[in-house]
Amino acid sequence: MALHLFHLRLSLLITLLLSCSTSAKLKLDYYQTSCPRVHEIISEVITTKQINSPTTAAGALRLFFHDCFVSGCDASVLISSNHFNKAERGAEINLSLPGDAFDAIIRAKTALELQCPGVVSCADILAIATRDLVSMLGGPFYPVRLGRKDSLSSSAADAESNLARPNASIDQIISLFASKGFTVRELVALSGAHTVGFSHCQEYADRIFHFNKGGPLASDPTMNPKLAQALQKACANYQKDPTIATFNDIMTPGKFDNMYYQNLLRGLGLLNTDQKMAADPRTAPLVRLYAANQTAFFDHFSHAMQKLGLYNVKTARKGEVRRRCDVFNNLSP
Ligand code: HEM
Ligand SMILES: *[C@@H]1O[C@H](CO)[C@@H](O)[C@H](O)[C@H]1NC(C)=O
Ligand SMILES: *[C@@H]1O[C@H](CO)[C@@H](O)[C@H](O)[C@H]1NC(C)=O
Ligand SMILES: CC(=O)N[C@H]1CO[C@H](CO)[C@@H](O)[C@@H]1O
C-alpha cells in the first residue's frame, strides 16, 4: 500500500515536472543564435503571400486553431495523407482548410531552410505566421514563445473528435474547451476569430433553408431576416456548387476587429454556434463586453492565443524539426 502511494506520488511529481518543463522550454528568443533572422524571414514571405492572396490570414488562423486543438500545436495538421495513413488534413472537417495558408507555411519553411537548415519547426512557423497575419489585418500583436517540435504522427480520427461543428450546443462547446483547460471567457474571446474569413453555405444552410422542417425559405428567427434573404440568394445553388462561401463578418470582412460581437447582438451571425453565444447566459455577457470594448477583446484574445499556442506542445525527443512541413522526416526522400 505504502509502496503504491509512493509510486503514485512519484509519477505525479514526474508529470508535474514534465508539464512545467514543457512550457518553460519555450522561449521568446529560442532561435536567437540558431536562426537570428527567423522573424524577418517569416514576415517577408507571409506579407507577400497575404498581399497576393488576401484569404491567407483567416486560413492560417483557422489552421493554427485546428492544429493546436487536435493533439497540440505540433504541425500535425500540415501532414499530407498517404495510402497508409489518413492524416488530420484528410479529415472531412478539414475539407475546407484553405490551401493558401498551407502554401504560406510551406513557402516560409523553404526560405528558412536556405538560411538555417533543419532548425525552425513547422509548428513554430505556423504560430509566428498566424500572429503576424492577425496583426496585419488590424488585430493585436502578442508575443509568441518558441521551441515547439513537430509531431511524429497525424490522424484524421483525432480531428473529428477534438473539433466542434456549428450544430453543436453551447454546452458541448463549453465542455470541449474545458476538457482542454480553456475557460468560457477564452472560448468567447477565441471565437472572435470569426471576425475574418469565410464559411461555406453548407455550414449554415439549415438556418436559411427549411428551418425547423419549414418551407424552402423558412429561416432561423434568431437570424436577421435581411441577412437570411441575402444568404438565401448567395447560397441558392450551394448543393450543386459546394464551394460557394460567404464572409463570416458581413460588415468588415477583412478587418480583425470586434465587429463579430456587434454582429451577434443584431442577429448577424452566420454559424448557429456563434449566434447562440449571444443568447446563452454563460457567454452573452462576454459577447456584450467585447462588442462594447475592443480593447478588452484584444487583451483577452491575445492572452488566449498565447495559451492556445502552448497547448500540448512537444519538446525535446517528443518530436522533430521536420525538413518538409507536409511529411515526417523518416518518410521524406
Ligand atoms: C467554438 C467552436 C468553433 C466552431 C464550431 C467553428 C466552426 C467554423 C466553421 C464551420 C467555419 C467555416 C469553415 C468553412 O466553411 O470553410 C469556420 C471558419 C473559421 N474559423 Fe472557426 N469555429 C470555432 C472556433 C474557432 C476558433 C477558436 C478559431 C480561432 C482562434 C476559429 C477560426 C476560424 C477562422 C479564422 C475561420 C475562417 C477560415 C477561412 O476563411 O478560411 N474558429 N469555423
Ligand atoms: C452535426 O452534423 C454532422 C454532419 O455535419 C453530423 O454527423 C452530426 O451527427 C451532427 N450532430 C448533431 C448533434 O446533430
Ligand atoms: C475596456 O477594456 C480595457 C481593458 O480591459 C479597460 O482598461 C478599459 O477601462 C475598458 N474601457 C471601458 C470604456 O470600459
Ligand atoms: C487544404 C487541404 O489539404 N485539404 C485537404 C482536406 O482533405 C481532403 C481529402 O483528403 C484533401 O483532398 C484536401 O487536400
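Nothing here was measured: the structure is a model prediction, and the numbers come from that model. Ligands are counted one by one from 1 in listed order, and the atoms in each one are counted from 1 as well.
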Under the criterion side-chain contact (heavy atoms from CB on, under 4.5 Å), I'd like the reasoning laid out for Tyr30 against Arg148: C-alpha separation, chi angles, the key distance, then a yes or no.
CA-CA 10 Å; Tyr30 185 83; Arg148 297 167 189 77; over 6 Å; no

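Residue contact check for ligand 1: Gly59 places a non-hydrogen atom closer than 4.0 Å to it.
By the criterion of a heavy-atom distance under 4.0 Å, neither the backbone nor the side chain of Thr55 is placed next to ligand 1. Within the 4.0 Å heavy-atom criterion, the part of Glu203 lying near ligand 1 is the side chain and not the backbone.
Of the candidates His194, Arg62, His66, the one placing a heavy atom closest to atom 6 (C) of ligand 1 is His194. For atom 8 (C) of ligand 1, the nearest non-hydrogen atom from the set Leu271, Val188, Thr246, Leu61 belongs to Leu271. Comparing Phe177, Phe65, Phe198, Tyr204 against atom 24 (C) of ligand 1, the shortest heavy-atom distance belongs to Phe65.
Judged as a side-chain hydrogen bond (donor to acceptor under 3.5 Å, both in side chains), the pairs with a partner in residues 242-253 (not counting sequence neighbours) are, in order, Thr195-Asp249, Ser199-Asn248, Tyr204-Thr246, Asp241-Thr243, Asp249-Thr252, Asp249-Asn263, Thr252-Asp257.
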Can you pull every nitrogen or oxygen pair between ligand 3 and the protein closer than 3.5 angstrom?
unit_1   : atom_1 : unit_2 : atom_2 : d
ligand 3 : 2 (O)  : Asn293 : OD1    : 3.3
ligand 3 : 2 (O)  : Asn293 : ND2    : 2.4
ligand 3 : 11 (N) : Asn293 : ND2    : 2.9

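Ile79 contributes atom CD1, which lies 8.5 Å from atom SG of Cys325 (distance to the nearest 0.5 angstrom).
In this structure, Ser34 and Cys116 approach most closely via the heavy-atom pair O-CB, 3.6 Å.
Remark: Arg131 is positioned above the aromatic ring of Phe141, its terminal NZ or CZ atom under 6.0 angstrom from the ring centre and at most 45 degrees off the axis.
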